[in-house]
Structures are given as structure tokens and as C-alpha cells.
Amino acid sequence: MTRLEKTASIDAQLRLLAPSKVSEDDKLVEYDALLLDRFLDILQDLHGEDLREMVQECYELSAEYERKHDPENLEELGNELTSLDPGDLIVVTKSFSHMLNLANLAEEVQIAYRRRIKLKKGDFADENSAITESDIEETLKRLVVQLKKSPEEVFDALKNQTVDLVLTAHPTQSVRRSLLQKHARIRNCLTQLTAKDITPDDKQELDEALQREIQAAFRTDEIRRTPPTPQDEMRAGMSYFHETIWKGVPKFLRRMDTALKNIGINERLPYNAPLIQFSSWMGGDRDGNPRVTPEVTRDVCLLARMMAANLYYSQIEDLMFELSMWRCNDELRVRADELHRSSKKDAKHYIEFWKKVPPSEPYRVILSDVRDKLYNTRERSRHLLTNGYSDIPEEATFTNVEQFLEPLELCYRSLCACGDRPIADGSLLDFLRQVSTFGLALVRLDIRQESDKHTDVLDAITKHLGIGSYREWSEEKRQEWLLSELNGKRPLFGLDLPKTDEIADVLDTFNVIAELPPDNFGAYIISMATTPSDVLAVELLQRECHVKKPLRVVPLFEKLADLDAAPAAVARLFSIEWYRNRIDGKQEVMIGYSDSGKDAGRLSAAWQLYKAQEELIKVAKQYGVKLTMFHGRGGTVGRGGGPTHLAILSQPPETIHGSLRVTVQGEVIEQCFGEEHLCFRTLQRFTAATLEHGMHPPISPKPEWRALMDEMAIVATEEYRSIVFQEPRFVEYFRLATPELEYGRMNIGSRPSKRKPSGGIESLRAIPWIFAWTQTRFHLPVWLGFGAAFKHVLRKDIRNLHMLHEMYNQWPFFRVTIDLVEMVFAKGDPGIATLYDKLLVKEDLWNFGEKLRANYEETKDLLLQVAGHKDLLEGDPYLKQRLRLRDSYITILNVCQACTLKRIRDPNYHVTVRPHLSREISESSKPAAELVKLNPTSEYAPGLEDTLILTMKGIAAGMQNTG
């Protein structure tokens, strides 16, 4: 058989195994096949026909398993993979990881394509798209037409609504930034290549570009060889602003203006309407991360400030070029003349100034002064960042956003007064909206620290003052002392305060906050907060360190017991007169989804979070306080993840009320802001869902639903904790059956995976906890507890099944909870978990694993019964298709991972290696002796560490979340 015939045969078989089309506008299989064709050709050119055939053979065995779920297929696949030369195994593993990334890109292009088709048709009724997309135009029309809200009501709600998206550096982004950029170019090439109006020449050029980018991505090392620093994480996070968010915000706000016009509002959103805001934890989240030092916090603030000034500076000359008109109002003319006269004081400056800006162009005079100050602002931040000092005086820069806005507002008013409003509403309005959104700091940095760290500082202070041990005082005594100091004026300590490194770190952080401009900072988050004294302690430390504009202090409640006690703790806080005067009627409370899920399981955590929010809102109303809920959600269902709009619309009534803060973590940042259309869709979803929740709140649960949920939550918690925390075999089983111990080798974050170096599940962070189970496709933290809860209430009274159906059909919170777990089951495969057990777990623990898998199957059946479904995802054929497309790729990587872990952990495990297949000795296909050079510090046999990490990254790409 010729090479051409073999190629055709491989491609035909791969297409045969692909899922069929779902609808007429379904192009997913077509897009995936196109990318796969290009990649297989590249693979053959680089590594030869034998290796391409090996990839095909592995795919066929995996696809056979997906059809029959016969464990013999997995065993045969494992034998094929373990027989490969280490260099060949890396190439095969990398190939399937790469193919999963390409499949994801095909999905994204397909989603964008279907959205464009629906927009052209004006059709948002199919597929529950109004719910799944939260399209802003459709939401506004529904509020006015169906829900009988007046356009003015909608406009007022939007003007006063705020969504603050908080980008965090949690270590869940497993894909390197250099690869993400290549993926973006592949996505763009595929979109253009499949357009209807493409010419033959364009097609040829795009096809060549596509192949270049696919090859460049394949040849790029996927593995981070060293952990990123917090500054690296900050730069990576800020790159999204440069690439999509910066221009995406004004574009989105223009679309908002259009949507409002379509419901009868002939007025633009005010440029300073706080509709979308951005904050960050990158360089400020020091909870359990010793690498986030005061110096790091200072650096990231200055870096963000420099980047913001640079972004403005890059646009200001375009704005000057556009505003060339000579008519202006008297106010602007006077200002321009003043600048003109002041420039004469320096003859040289005067000549250069007016060479560029003639007096007949007054807007350019004003904007030229803005440009100069932006330049100085940028350079001063750069000098402070690199040298620690700057010769540029502060008065030559913009020190606050009001200074920056004033000349821009002057230009806007003048244009409107002279009949040039259409010009004012062009680039100048976009610029004003950017300044209002991003300020001079680009994002506001939150500081997060554990409450015990503040206790340590205050304990050192009280001992130094000779008044006892703060740590040993009762809560009442702590509050009494803190309030007496807050009401007094004497300093608490001087330079002679004895300090450990930890105490110095806390105090130096407050000193950095005091040193830098206040607009750099957002909130001060206290993790593990339980009492009012935790909040008052931070208030006192801010005062003692001379923070001129104190940060708002936000307690974070995570574990089940803390969430349960949160309303009472906040009520005690609000009962303190000093504190009520301090907050001026506004308070923020953060609720954590990660540790609550790890503490009690998903069902109990979700219900406790729901009830805690209801009670917190009641407390806030009682004291006349406007409460903003800050949702600390992760990317996976186990950490509160899931579709944005569903998460918002399933929150309790009155808990959002036009004000929402939410974390955007790890790989979710790329999914939300990696591309222009993704950025637009993200801003639209958050805005539309927040508006709808406020103007059309979801129903409150009936008393009988609450009672049933309470009963189920008790049973679910008992089941979950009896296995995770009380079963003596569990920790050993978990560490053997998953790659949890190897997680740290991925170098995907600056933060350690544990809060404490030693300890069990309690000390493990939620991210690696979820990550490990996601890798094996068993997802235990998500579903464990659901089955026991359902079985209990159904055995108690079969009529409860009718009530559960009623809850699923009428109550958004319950429906979303069930649907997300159903999606997780659709991604799961207990057969894969069985393989990990067989290869990695001690024989005396096999029975324990079998019981867990029996629990998994029983829970899945009960879940389908509650949802009234015969099959998983029967109501979402598009998602079902996407998962099926990825399954065979993921299975190969699962088998490869399990076999590689076996070889790493068992030095006596022997495999027979076949001769080297690849014709080329490249970085990714060197023989075993050469592979050691790729990672000389690895204690594993040559090639195994790289193979393992590649499987982790590939499975993460296939599951579309890592933690």
C-alpha cells in the first residue's frame, strides 16, 4: 500500500469513529477532521510513517473500548504504549495531547459559528439559548416584552449594576502562554479557512498558515521546566487585558447602547456607569503562598500601573489625530490658551509643542498635555519598578483617575456643546469608558491573608506592651481591646517591636499598601475568618501602618461550620457602632466554594452556601447595610464551577441585587478572555444574568423542598465524611489510585499544593484534591454523598420522588446542581478508574475501590431517576457530541498515565521496549540516553517524567478543566 493510500485509510477510519452531526449548522466533525488531517500529515513528515501508524493503532484500540467498554482493549492499549521506546512514547503522548487541544479549538470555532448563524436569523428560541447564552439583547427584550418591565426601569438597573470580575492566579492553567497564543492563531485560521466567501488564493495561503501554526504548537515544549513566580503569573494575567479585555470592554458597552436603543432608550450608558470592573489576586494572594512577599505586591502594582499608562499612551495619539476640529466652547478655549501660554516659558518646548499642535486645533492642545502626563506616569512607574526611585516628579504625572478624566470630560462637553456629539460618542467615549473601567492601576489588587497571621502580630504587640497574650484572650476581651485602640490615637508599637519573619511579612504588606496610591488596591480578604475580631484586627493594623485610605475588609467563610456560623458572626460585627460608622452602609462578604466542597461534598456545600447567603442578606437588611456577595468559584463543578449564567440565575433571590463579585480562576481565564468573541460573550453573560436575577429573581424554595434538602444534606455529609475523613484506608487509596503525589511536578502555579507540608486530606488544597480525581475520570468529590441522600429519602417515602421531580423542574438552584453533576458523570468512566486500581493500588485495597465504583454507578442511576432522564445529557446533544469526540483521545492518555505511574512507582516493573520508530531524532523524540538532558533533575527513568506530565496536561485539556 502506498503512503497516500495509507493516509486515506487512516483518515477514513478516524472519521468513521467520529460522532455524527447533530444539526444542519453542526460543523464540528468537519472542523475536527480538517485539523486532524493537517496534524497527521505533519506528524508523518516529522517522525515517519511508522509512528503515524502507531498513533492510528492506539486510536482504534481506544475507540473500540469506547464502543464496548471491554477492559481487554485497555490492557492491549497499555501493552502497545509500554512497549514503545521512551522517545516514541513522548511523541505519541504529545500527539494525543495536541489532538485534544485541536479538538477543543474545533469546538470553539463551531460554537462561534453557530452563534453567528443564530444572530443572522435573529433566533434565540431554540436549544434554550436565552438561558444558555444570556444574550444581552434577548434579555432586555424579554424583560420588557414578557415581564412587562419599562425600558426606563431596565436602564436604571443597568446604570447602577456592577459586576467585578476578579482574576486569580490559582494553579489550574496547565497550558503555557506561548501555546495559548499559537492556539489562538490556529483558531483564527480555521475560522477564515471555512468561511463561505474565501477565494482559492486565500484558501491556499490560510491552509499553509494553519499547517505552520499546528506544527509550531506541536514543536513547542508543553512542559514548564520551572514554577512560575507570582510576577510571571501577573504578567500572564495582564496579557489578557492587552490582547482582548482592553478593547473588548468599550466594544461591549457599545453593544449595550445598541441593545438599549432597540427597547426604546435613546440615551447611551454613562461612560462612568460601573457596569464591568476588574480586580486581581495575582501578587496579592498570600494565603499559604510564601512566594507572595511585600516586595512582590509592590512590584505587581507598579507593573500594572506601568501597563495601564502604556495602553492609554498607545491610543492617545490616535485620539489626537481624530479630534482635529477647531470649534470648541469657551471653557476648552481658555484651557487651551493657558497651556499655550505656559508652553512659551520654555522657548524650545514651545517651538516643538506648536510644531505638532497648531493653536487652531484646541482639542489637540488639551490631549497633547494628557499624552505628556501619560508618558511621565508610565516612565515613573517603570523607574520605581526597576530602580526603586525616579527623577520624574509626581506632580508631572497623573496621581489619581479624576485628574486623568477631567481634560477628557472637558473635550467631551465641548464637542457636545458645538453640535459634534456624534464625534464625541466615537473614540473619545470609548476612551472615557476605558479610563472609568481600568483607572490608572489597570486592575485593583485584592490582598488575601489568613486570620491566624493577624492574630500572631497582635499577640506579639500585646506581649510587647506587657498586657497579656492576645491569642489567649476571649472573643469579648479581644473586641473590647481592639475597639478601645481604634477609638484612641496612640501608636501601638514602634521600631523596637520584636518581629519574627512572619510578623515582619504581615506588617510590611500593610506598609506597602500605605506607600502606594490607594487606587491600586481593592479589598483585604481574611481567609479562615470566624469572628468580628478577625475583621477589627485588620482595621487596627491598617491604622497602625498609616494606610491613608483603608481597604474594605472582607471576611471569607468556606468550611461548612464557618458558613453556618457566618450570619451570626456578621450580625455581631454590624452590632458594633464603630464598625457600622466605618463601613458607611456597605459590606462585602466572600463565600468559598472550594474548601466547603472538600469539607462536606458538593450537595451539602451547595445547599449550605445557598442558605448562608439567604441569612446574610437578612442580617444586612436588619442593620440597613447593602451587602455584596463575593463568590469564590473555581473552574470545576467540585469547586463551584459551571456555566456562568446558570450559576448566577440559580442564586437565592435578593442576594445579587445588581452587585456581584466573582473569581475567574486559572484555565477559566483563558476560556473567558482568550479570544475577542470569548471576551464579549463573557461580559455579556455576566451582565445579562446579573440584570435578570435582579429584575426577575428566581423563586424561593417551598418549605417542603427546604425540609427535604436539609434531610438530604445531613445524609450526604455523613456519607462523604465517613469515607473521606473517617475511613482509615481512604488516604492511602487516594494517593495510590490518583496522580496526587505527582501533581507538583507540573509547575503550573507559584503556590504550594498544601497549606502545611504534612497532613492528610485536611491540609491538601482543594485544587490538587479535585485535580487528582479529575485525571482518573472518577470525580469522587463531586458525586459522593448524592446517592446516599437520594436513596435515603426515596426509601423513606416513595412520594419524595415526585417532590424531587417538582424541585428539578421548578427550582433553578436544584436543577443546576443536578445538571452539573450529570455533566460530570458524562465525563466520567469507572472502567478507567478500575485500570488505575489494577496497576497502582495494593491488592488488599481493591475491594475498597470496587465499593466506591459500585457507589458511583448507583448514584448515577439515582441521579437520572431524579432528573427524569433515560440517558446522560439526553437534553444537550451538542455537549454529548463534544464529549464523545474527545473520549478516545482521553482514554489513550489515561492508559498511558496509569502505565507510566506504574513504571515510576514500581522499580521492579519490567517492560520490553521495541526498537525506536521515529526516523528523526528531535527534542521530542530522542532516544532514552538523550532524554535525560531534557530533565536532568528527574529521579525517574529517562522520559517517564515528561510522559507523565504530558498525560496530565492532555487529560486536563480533554476534561476542559484541571481543578
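All values below were derived from every heavy atom in this structure, side-chain atoms included, with hydrogens, water molecules and symmetry-related copies excluded.
A donor-acceptor pair shorter than 3.5 Å cannot be found between the side chains of T628 and E588. Remark: the Y312 side chain and the T377 side chain contain no N/O donor-acceptor pair separated by less than 3.5 Å. Between the side chains of S390 and R382, no donor-acceptor pair is found at a separation under 3.5 Å. Side-chain atoms of T162 and S659 include no donor-acceptor pair closer than 3.5 Å.
Partners of R335 by salt bridge (Lys or Arg N to Asp or Glu O under 4.0 Å), not counting sequence neighbours, listed by chain and number: E406. Shown here are the ring-ring contact (aromatic ring centres under 6.0 Å, His included) partners of Y524, two or more places apart in sequence or in another chain: H454, F510. With sequence neighbours excluded, no residue forms a salt bridge (Lys or Arg N to Asp or Glu O under 4.0 Å) with K203. Residues passing the salt bridge (Lys or Arg N to Asp or Glu O under 4.0 Å) test with R298, sequence neighbours excluded: E515. In this structure, the side-chain contact (heavy atoms from CB on, under 4.5 Å) partners of L432, at least two apart in sequence or on a different chain, are Y271, L405, L408, E409, Y412, L428.
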Show the atom names and distances, to 0.1 Å, of all donor-acceptor pairs under 3.5 Å that link a side chain in residues 151-160 to residues at least two apart or in another chain.
from, atom 1, to, atom 2, distance (Å)
E153, OE1, S150, N, 2.9
E153, OE1, S150, OG, 3.4
N160, ND2, D156, O, 2.8

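For the pair Q315 (side chain) and F431 (backbone), a donor-acceptor distance under 3.5 Å is absent. Listed for the R444 side chain is no donor-acceptor partner under 3.5 Å among the backbone atoms of N520. Looking at H693, its side chain does come within 3.5 Å of a backbone N or O of Q651 through a donor-acceptor pair. Counting only distance, with no hydrogens or angles, the side chain of Y313 and the backbone of A308 share no donor-acceptor pair below 3.5 Å. Checked by atom type and distance alone, the side chain of N272 never pairs as donor or acceptor with a backbone atom of S436 at under 3.5 Å. D420 places no side-chain N or O within 3.5 Å of a backbone atom of I423 that could act as its donor or acceptor partner.
Ring centers of Y240 and W246: at least 6.0 Å apart, outside the cut-off. Separation of the F278 and F241 ring centroids falls under the 6.0 Å cut-off.
Residue D430 is tested with R254, K247, K251 for a salt bridge (charged side-chain N to carboxylate O under 4.0 Å, His left out); the sole match is R254. Screening V166, T168, L551, V554 for a side chain to side chain contact (heavy atoms under 4.5 Å, CB included) with D446, the sole residue that qualifies is V166.
Taking the charged nitrogens against the carboxylate oxygens, D337 and R333 have no contact shorter than 4.0 Å, which rules out a salt bridge. The pair R235-D299 does not count as a salt bridge, with every side-chain nitrogen at least 4.0 angstrom from each carboxylate oxygen. Here R185 pairs with E213 in a salt bridge; the nearest charged N to carboxylate O distance falls below 4.0 Å.
In this structure, H696 places its NE2 atom where only 12 or fewer heavy-atom neighbours from other residues, nucleotides or ligands lie under 6.0 Å away. Other residues, nucleotides and ligands contribute only 12 or fewer heavy atoms inside 6.0 Å of the CD atom of E676.
With values rounded to the nearest 0.5 angstrom, D257 atom CG is found 11.0 Å from N266 atom CG.
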